[in-house]
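Side chains are part of it too, since the values below use all heavy atoms of this structure and drop only hydrogens, waters and symmetry mates. Remember, it's a predicted structure, so these values are computed and weren't measured experimentally. Ligands are counted one by one from 1 in listed order, and the atoms in each one are counted from 1 as well.
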Amino acid sequence: MELLQQKILECGRALNDHVLLVDSFLNHQVDVALMREVGREFARRFADAKIDRIVTIESSGIAPAAMAALEMNLPMVIMKKSVSSILNEGILQTDVFSFTKNAPYLLTLKSQFVHPGDRVLLIDDFLANGEAAFGAAKLLHQAGAELAGIGIVIAKAFQPGLKKLRAAGYRVEVLAPVSRMSENRIEFGEPE
Ligand code: 5GP
């Protein structure tokens, strides 16, 4: 997606060769006009996938997922990363190792918000090692739903997540696949 890739080149910053900072338009301040285009692009790419529900992971997945849900006229569900005392009935949980915090957290889904047989589109901001996506896939499976597609805003294609998810049979659409990255340099391209 040209518009997104231009924005990453203009405003993104590779902190090193494995972490990309995009907090001026995606993770902290949010460019909602760009997110609307991101939502439209996901809607276009998954138009044929017969999706019933969009699921995302708090917090940075929410903006792109909400825009896609609006565009596709679908309900959206947020998987939680933090444990809450009011979230105790009918919950599904799994440990996920956080790429940015370098520590595990409990990914949580209230099963009432995903129905057995639902075809789910998972949308997230970044894909690195695939930990978050595989954790979400596990909870959706436990809820009896089918993970029909994964939409990622930025995937660092040189890290293992993208290949692993595709090898596991998931359909993964990436709007900005980063093929190489180092300080002051970001290159795009899908892996072969
Ligand atoms: P994974 O679970 O695929 O290893 O990592 C995905 C999650 O880690 C994303 O939901 C995102 O929150 C975070 N993440 C991974 N790589 C980056 C990165 O380069 N920059 C930022 N800002 N977040 C990242």
Side-chain angles (χ1 to χ4, degrees), residues 1 4-5 7-31 34-35 38-39 42 54-69 76-82 92-109 120-141 147 149-191:
M1 183 184 168
L4 173 67
Q5 296 184 7
K7 186 77 174 185
I8 294 168
L9 292 177
E10 276 165 33
C11 304
R13 191 158 61 88
L15 289 184
N16 45 48
D17 57 7
H18 61 281
V19 179
L20 180 58
L21 195 67
V22 288
D23 60 359
S24 66
F25 63 94
L26 181 56
N27 299 131
H28 201 149
Q29 175 170 252
V30 179
D31 181 338
L34 178 64
M35 288 307 116
V38 161
F42 280 135
I54 291 181
V55 166
T56 189
I57 300 171
E58 66 174 353
S59 58
S60 300
I62 296 174
M67 293 299 181
M76 180 188 84
V77 177
I78 303 164
M79 288 188 180
K80 304 285 192 175
K81 281 180 177 169
S82 48
L92 303 170
Q93 292 185 309
T94 189
D95 264 327
V96 167
F97 194 81
S98 166
F99 182 86
T100 45
K101 297 198 172 65
N102 209 21
Y105 63 89
L106 257 185
L107 188 65
T108 302
L109 170 69
V120 170
L121 170 59
L122 173 70
I123 289 188
D124 204 5
D125 61 334
F126 265 99
L127 177 61
N129 295 328
E131 288 281 321
F134 276 110
K138 188 172 165 188
L139 296 188
L140 291 170
H141 182 72
L147 182 50
I150 301 175
I152 301 290
V153 181
I154 304 170
K156 288 167 291 172
F158 53 88
Q159 290 169 343
L162 183 58
K163 276 192 189 140
K164 277 165 72 177
L165 285 168
R166 286 182 174 156
Y170 294 114
R171 173 178 173 186
V172 189
E173 293 281 346
V174 180
L175 304 193
V178 175
S179 55
R180 283 208 326 207
M181 204 172 86
S182 57
E183 265 180 83
N184 306 323
R185 194 171 175 83
I186 300 167
E187 291 173 28
F188 298 101
E190 278 274 351

closest protein heavy atom to atom 12 (O) of ligand 1 is Asp125 OD1, 3.6 Å
Taking C-beta and beyond as the side chain, do Leu127 and Leu165 meet within less than 4.5 Å on heavy atoms?
yes
Just need the protein heavy atom nearest to atom 22 (N) of ligand 1, so name the residue and atom and give the distance.
Asn27 OD1, 3.1 Å
Reference residue Ile78; test side-chain contact (heavy atoms from CB on, under 4.5 Å); the match among Leu109, Ile57, Thr56:
Thr56
Where is the nearest protein heavy atom to atom 10 (O) of ligand 1: which residue, which atom, and how far?
Asp124 OD2, 2.9 Å
Which atoms of ligand 1 are found less than 4.0 Å from any heavy atom of Leu20?
18 (C), 19 (O), 20 (N), 21 (C), 22 (N)
Is the side chain of Ser182 donor-acceptor paired with the backbone N or O of Asp17 at a distance under 3.5 Å, no angle test?
no
Hey, is Val19 one of the residues with a heavy atom under 4.0 angstrom from ligand 1?
yes
Of the protein's non-hydrogen atoms, which lies at the shortest distance from atom 8 (O) of ligand 1, and what is that distance?
Phe99 CB, 3.6 Å
Do any nitrogen or oxygen atoms of Leu127 come within less than 3.5 Å of a nitrogen or oxygen of ligand 1?
no
Contact between Phe134 and Val96 at the side-chain level, heavy atoms closer than 4.5 Å - yes or no?
no
Min N/O separation Leu21 to ligand 1 under 3.5 Å:
no
What residue and atom, counting heavy atoms only, is the protein's closest point to atom 17 (C) of ligand 1, and at what distance?
Lys156 NZ, 3.3 Å
Evaluation steps, side chain to side chain donor-acceptor pair (under 3.5 Å), between Ser24 and Gln29:
CA-CA 5 Å; Ser24 66; Gln29 175 170 252; 5.3 Å; no
May I ask you to identify the nearest protein heavy atom to atom 14 (N) of ligand 1, giving residue, atom name and distance to one decimal place in Å?
Phe126 CB, 3.7 Å
Closest protein heavy atom to atom 4 (O) of ligand 1, given as residue, atom name and distance to 0.1 Å:
Asn129 N, 2.8 Å
Verdict with supporting geometry, Val55 and Met79, side-chain contact (heavy atoms from CB on, under 4.5 Å)
CA-CA 7 Å; Val55 166; Met79 288 188 180; 3.7 Å; yes
Ala132 neighbourhood, listing ligand 1 atoms whose heavy-atom distance to it stays under 4.0 Å
2 (O)
For Ile152 and Val172: C-alpha separation, side-chain torsions, deciding distance, then whether side-chain contact (heavy atoms from CB on, under 4.5 Å) applies.
CA-CA 7 Å; Ile152 301 290; Val172 189; 4.1 Å; yes
Could you list which atoms of ligand 1 come closer than 4.0 Å to a heavy atom of Glu131?
1 (P), 2 (O), 3 (O), 4 (O)
Ile154 versus Leu26: any side-chain heavy-atom pair under 4.5 Å?
yes
Heavy-atom nearest neighbour in the protein, as seen from atom 13 (C) of ligand 1, with distance rounded to 0.1 Å:
Thr100 CG2, 3.9 Å
Start with the C-alpha distance between Val153 and Phe126, add both sets of side-chain angles, then the distance that settles side-chain contact (heavy atoms from CB on, under 4.5 Å), and finish with yes or no.
CA-CA 6 Å; Val153 181; Phe126 265 99; over 6 Å; no
Starting at CD of Glu173, measure out to CG of Leu175 and round the result to the nearest 0.5 Å.
8.0 Å
Are any of the heavy atoms in Ala133 under 4.0 Å away from ligand 1?
no
